[in-house]
Structures are given as C-alpha cells and as structure tokens.
*Asks:* 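Just dropping this structure here.
Residue numbers run from 1 in the order of the sequence given.
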Amino acid sequence: MGVSGIRSVFVSSKIQHWHYEFEFDSYQDYLSVTNKHIEKRKAELKDYNNIEDDEVQRMLYDPIEMLTTDKMIQIYYSSMLISLYSFWEQSLQELCLVAEQKFDLN
C-alpha cells in the first residue's frame with residue numbers, strides 16, 4: 001500500500017477533524033491555566049523561602065501548607081504529562097479504528 005493508499009483510508013466521514021482541533025485547543029487551555037496556577041504557587045514558595053527569620057516565616061505562612069504546595073507543583077507537572085499522553089493515546093486509537101474498518105489488518 002503506497003502513500004496514497006494510506007491517505008485514502010482516512011478520507012472518511014467518520015473522522016471529524018474539528019473534534020481533534022477542539023481537543024487540542026482544550027488541552028492548550030488546560031496547560032495555560034495549570035501553568036498560571038503553578039507559577040502562582042512558585043511565587044508563594046519563593047516569598048516563603050526568602051524570609052530568613054524562622055519565627056516570622058511561621059507567623060506569615062503555615063509550614064505544612066508550604067510543604068504541600070511544593071509537592072503539589074510536582075503533581076501539576078505530572079498531571080500535564082499524563083493528560084498529554086491520554087489525549088494522544090485516545091486520538092491514535094480512534095484513528096486506528098478507522099483504518100481497521102477500511103482494511104483487514106489480519
């Protein structure tokens with residue numbers, strides 16, 4: 001099967017390109033919102049860490065909350081990667097289903 005044969009597999013009314021554009025745009029929005037949240041949390045941690053006096057630090061910030069904030073930043077980064085993987089996996093699976101319906105892969 002040449003390149004034109006492969007392309008003809010995906011010329012179908014079953015593939016809705018707007019669906020992928022919407023998903024991609026939604027993912028970009030998710031990244032933007034999450035990144036803003038991460039930057040806000042990083043700024044809080046920076047302010048916390050810039051205070052040299054431990055007593056003042058404890059009066060202005062809850063140390064446990066700051067530790068939690070530090071760990072949450074890593075969770076947010078992980079969530080972005082997991083979401084990206086999930087998005088691509090789902091999209092590729094949908095495209096493979098279309099190809100399987102057009103050609104017997106056995």
*Asks:* Just checking Gln93: does its CD atom have more than 12 heavy atoms from other residues, nucleotides or ligands closer to it than 6.0 angstrom?
*Replies:* no
*Asks:* Of all the heavy-atom pairs spanning Leu45 and Met66, show the shortest one and how long it is.
*Replies:* CD2-O, 3.5 Å
*Asks:* Show your working on side chain to side chain contact (heavy atoms under 4.5 Å, CB included) between Ile75 and Met72 and close with a plain yes or no.
*Replies:* CA-CA 5 Å; Ile75 291 172; Met72 287 301 295; 4.0 Å; yes
*Asks:* Report yes if some heavy atom in the side chain of Lys46 is under 4.5 Å from a heavy atom in the side chain of Lys42; otherwise report no.
*Replies:*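 Answer no - side chains too far apart.
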*Asks:* How many angstroms lie between atom CZ of Arg41 and atom OG1 of Thr68, to the nearest 0.5 angstrom?
*Replies:*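 OG1 of Thr68 is found 10.0 Å from CZ of Arg41.
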*Asks:* Report yes or no: does Asn35 contribute a side-chain atom to a donor-acceptor pair with the main-chain N or O of Leu31 at less than 3.5 Å?
*Replies:*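 No.
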*Asks:* How close do Ile51 and Gln57 get, counting heavy atoms only, and between which atoms?
*Replies:* O-NE2, 3.4 Å
*Asks:* Under the ring pair (Phe, Tyr, Trp, His ring centres under 6.0 Å) rule, what pairs show up with a residue in residues 43-69, not counting sequence neighbours?
*Replies:*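 Sorted result for residues 43-69: Tyr48-Tyr61.
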*Asks:* With no hydrogens and no angle check, is any side-chain donor or acceptor of Ser86 less than 3.5 Å from a backbone partner on Ile82?
*Replies:* no
*Asks:* Are Glu39 and Lys36 within salt-bridge range, i.e. N to O under 4.0 Å?
*Replies:*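 No salt bridge links Glu39 with Lys36.
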*Asks:* Between OG1 of Thr69 and CD1 of Ile38, what distance do you get to the nearest 0.5 Å?
*Replies:* 12.5 Å
*Asks:* Distance alone, cut at 3.5 Å: any donor-acceptor contact between the side chains of Ser79 and Tyr30?
*Replies:* yes
*Asks:* Are Ile73 and Leu84 connected in the hydrophobic side-chain network, where two residues link if heavy atoms are under 4.5 Å apart?
*Replies:* yes
*Asks:* List the residues meeting salt bridge (Lys or Arg N to Asp or Glu O under 4.0 Å) with Glu55, not counting sequence neighbours, and say none if there are none.
*Replies:*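 Listed in chain order: Arg58.
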*Asks:* Which residues pass the ring pair (Phe, Tyr, Trp, His ring centres under 6.0 Å) test with Tyr76, not counting sequence neighbours?
*Replies:*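 Listed in chain order: His37.
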